[in-house]
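Heads up, the thing below is written out as structure tokens.
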Amino acid sequence: MERYDASVAEPKWQKVWEDRASFSAERDETRPKFYVLEMFPYPSGKIHMGHVRNYSLGDVMARYKRARGFNVLHPMGWDAFGMPAENAAMQNKTHPGKWTYANIDAMRAQLKAMGFSYDWNREFATCDPDYYAQQQALFLDMLEAGLVYRKNSVVNWDPVDQTVLANEQVIDGRGWRSGALVERRELNQWFFRISDMAEELLAAIDGLKGWPDKVRLMQANWIGRSEGLEFDFAIAPNDLTDAEKLTVYTTRHDTLFGASFAAVSPDHPLAADLAGKVPGLAEFIAECRQMDTTEAALETAEKKGFDTGIEVVHPFDPDWRMPVYIANFILMDYGTGAIFGCPAHDQRDLDFARKYGLSVVPVVCPEEQDPAAFEIGAEAYIGPGKLINSAFLDGRSIAEGKEAVADRIGTRKVNFRLRDWGVSRQRYWGCPIPVVHCDSCGIVPVRKSDLPVELPEDVTLDAPGNPLDRHPTWRETICPACGKSARRETDTMDTFADSSWYFARFTSPHAKTPTDLSDIDYWMNVDQYIGGVEHAILHLLYSRFWCRAMQRTGHLPESAIEPFDALFTQGMVTHETYCTRDSEGRPVWHAPDEVTITESREAALKTTGDAVEIGSSTKMSKSKRNVVDPETIVATYGADTARWFMLSDSPPERDVEWTAAGVEGAARFLQRVWRLAQEIASTQPEKPAEFGDEAAGLRKATHRTIKGVGEDIEGFTFNKAVARLYELSNAISKSAAGHDDLAYARHEAMEAMAQLMEPMVPHFAEEVWKLLGHETPLVETPWPVADETLLTESVLVLPVQVNGKKRGEISVPVEAAKDVIEEMALTDAGIQRFMDGKSPKKVIVVPGRIVNVVI
RNA sequence: CCGGGCGUGGCGGAACUGGUAGACGCAAGGGACUUAAAAUCCCUCGACCAAAGGUCAUGCGGGUUCGAUUCCCGCCGCCCGGACCA
């Protein structure tokens, strides 16, 4: 017998599919559509195992749905703008575009070698002028619709990459790419008004039924809605400022009688007003601005305040004055940038009050506590209770107290944690923001007929700052409004913008407008979106915002404001780590192919034979060097083996550990099925009139598998589908070839194997299918249908318990009545042994499940 | 600190709405074939006691139930997300 040779079969079938245009998606109103999309990759140069997993999962869905008769849209493209291209260009003295497109070519070839069923006709890269021209058109429409604006803001400045970072791109106080400590700077920046949509982005989460609860919750927390009260403190007359009031925001207005101070942000106008007049204040504010904003630092950071000397008046007691502090922990961009402090019921306020000797008066007393004896120690009380020491509020609940206060003063207000999305980047390799700055007219949008505003080819990247800014001529242009000379905007857009609408563009990638509404109408929404959970917040939230913006500007219908009907977040690919130690005991990491491991799990370096520590399995990463290159695996075993292993064992949402043994096992299984297939293909049996028990048993197994695999694919439990296919192959192996009825049943089973394996190992399945005598490729063959009559059993084996412990089994006809089953259980000799001659107190018969005898 | 999730053999994991715990795979051990190896095939494989057969077992402790991996309460451990948001 021949071994299955993936290196021959895989390119062959890839060519067949390409020649037959098997995956090109055309609109067809007569068929239901299915749009399956995996998050498109950044063209770093090589695919990695994370891609292999992500795209294998998507391909199972795409191929399965195609076989089920859906008109499947399964596109692929490139998230191609971004800093790595600039960094690589600097290193290699090349152009970011050249580098990017070369990477795309390499990765496209790798994806094609994996046999993924993409419609390559729809491919685009976000750095294609055709794509970003449309993005610029969208930007202009959003600008006109008031969804984009410009403002001065304190930004996170990455000193290494010399660019602005979104809050979300700051991780542990460091730039998400450079790892450099982020500084605060004030710049004039472009913003998307995402916060205007906070309420509806939050409300619509309820409707995202096909999304994991975890992601929905993360989004809700990110948007962070809170209901509170905005009200004014009168500022007591003083010599320092003309300001008459201080507006604060609170969610605990019930504790207003526990207030002991007010505090404002160092960035607050009042702080600026007082800075020159109060000695030492300007220095204090400068100090706050320099403060380390890392999370770790914030956690331990000292609460610092500066007493301004001015006072505010309590709204319910004109004689009650409170000091006003500038405090380092007040954020200018949340609420009003000013608060009142109630130390008894807020830990941060308590710490502050203790430090500056301010009074701590409890105003909420827990039930079953004597109010007279209730005191606050080191911890603020934030639990429920009744209001005390609070004049007209005494005796009320927290909720009643809030109502009573809000009825008398201020305005009820909802605040969100979500801030507007700053999209300006001082970078070259991004989508240029299509406006010009004119001395006479101000900011003027570029005319749509002049799009795209194309990136210049000749740039110098080897200097800090924005290459567009220092380009000798690119900035110079003519004002579209007045015709005088003007300057182009040199900011480019955050690359998250590029990925916020690419899924819509895939429906009509060559249209002369951003979208073609008739294509959108047919193809949107994405029925199944698949990607890593690391994009659970930003990319998905931005996409949801962008779709709403596109709807308001006429580029999407109302029905498409939620782009992804279903979302699946897959786990990571992990691998063991290997390290030796340097002279100081620090780990030195080694790649898997540099290490040999004995059967007793002892590892050594191939080169020197030095002992190697085997570490825990973590996400494949360059830093730990625990990466396995898909290209090596494909060259050694073939794409199908890699795909099969990815889908076996681990549920898709969990991490999967890549192991050499596991890959071997996957390869072995394919060879086993191939041997069976060759054995079976040697005969072409007719369907017999009758089947013996063994043949009938095998047929039942086949049809149960057909049903089960379909359910498992629909439910994204591909590991279970794989297990069922192992079971079926075992059943085929065990069945002896011989009589005609068995030969037929085996043939039928093997055909089902090929069909059911096709979404996972398509080349292999095609080869088996052909071997079995089929001329039409599997990819054009409908999904098999389970014969319902073969799914039902006439006799069931029911477990019988005595007092909840399994003591035996009985075989009963499926249609047996409860009392018959009970009778059979009680008269079963094995069961009677456990009944000690007693008569049962109770017998529970669950039809089709179990019998429990209680004695 | 806040929010969420998870905890099952040596390992990855099954177990439908509360109904036979450990499917399937990996690893391991034994055997067959072979001059030998590879490949392949067969058997064993949670722990303990044992002759049949039983006892214990799903992180720990309780509870509900005829019956709990599954539901409830309290611990312990791990993972993820968020975090000066008033």
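First the proteins, then the strands, lettered A, B, ... as listed; each starts at 1.
In this structure, the CG atom of A:D254 is 13 Å from the P atom of B:rA86, given to the nearest Å. The CD1-P distance, from A:I821 to B:rC66, rounds to 21 Å in whole Å. As a whole-Å value, the separation of A:N221 CG from B:rG4 P is 9 Å. Distance, A:Y637 OH to B:rA39 P: 11 Å, rounded to whole Å. In this structure, A:L725 places its CG atom 14 Å from C1' of B:rA23, rounding to the nearest Å. The interatomic distance linking A:R348 (CZ) with B:rC1 (C1') rounds to 13 Å, in whole Å. One can place CG of A:D333 at 11 Å from P of B:rC84, the figure rounded to the nearest angstrom.
Summarising the base pairing, B:rA47 is matched to B:rU55 through a Watson-Crick or G-U wobble pair whose two defining distances lie under 3.5 Å. Look at B:rC60: its Watson-Crick or wobble partner, with both distances under 3.5 angstrom, is B:rG74. Checking B:rG3 for Watson-Crick or G-U wobble geometry (two distances, each under 3.5 Å) identifies B:rC80 as its partner.
Backbone-only engagement by A:F834 is indicated by non-hydrogen atom pairs under 4.0 Å involving sugar-phosphate atoms exclusively. Across all strands shown, A:N730 has heavy atoms under 4.0 Å from sugar-phosphate atoms exclusively, and none from any base. Here A:T250 lies in heavy-atom contact (under 4.0 Å) with sugar-phosphate atoms only. Across all strands shown, A:R225 has no heavy atoms under 4.0 Å from either base or sugar-phosphate atoms. Among the atoms of the strands shown, only primed sugar atoms or phosphate atoms (P, OP1, OP2) are found under 4.0 Å from some heavy atom of A:K805. If you check every strand for non-hydrogen atoms under 4.0 Å, A:R216 touches nothing. Within 4.0 Å (heavy atoms only), A:L331 reaches at least one base atom of the nucleic acid. Nucleic acid contact class of A:Y726 (heavy atoms, under 4.0 Å, all strands): sugar-phosphate only. Using a 4.0 Å heavy-atom criterion, one finds that A:S226 contacts the sugar-phosphate atoms exclusively.
Between A:D712 and A:R724, at least one side-chain N (NZ, or NE/NH1/NH2) sits under 4.0 Å from a carboxylate O, which counts as a salt bridge. In this structure, A:E711 pairs ionically with A:K707, as a charged nitrogen and a carboxylate oxygen lie closer than 4.0 Å.
Note on ring orientation: taking the six-membered ring where Trp is involved, the planes of A:Y356 and A:Y325 are tilted (angle from 30° to 60°).
Of the N and O atoms on the side chains of A:Y249 and A:S226, at least one donor lies less than 3.5 Å from an acceptor on the other residue.
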#### Entry: Sequence-aligned protein contact record of nucleotides 14-20 of chain B, with B where the base is within under 4.0 Å of a protein heavy atom and S where only the sugar-phosphate is
SSB--BB
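In this structure, the nucleotide among B:rC41, B:rA86, B:rA27 sitting nearest to the side chain of A:A661 is B:rA27.
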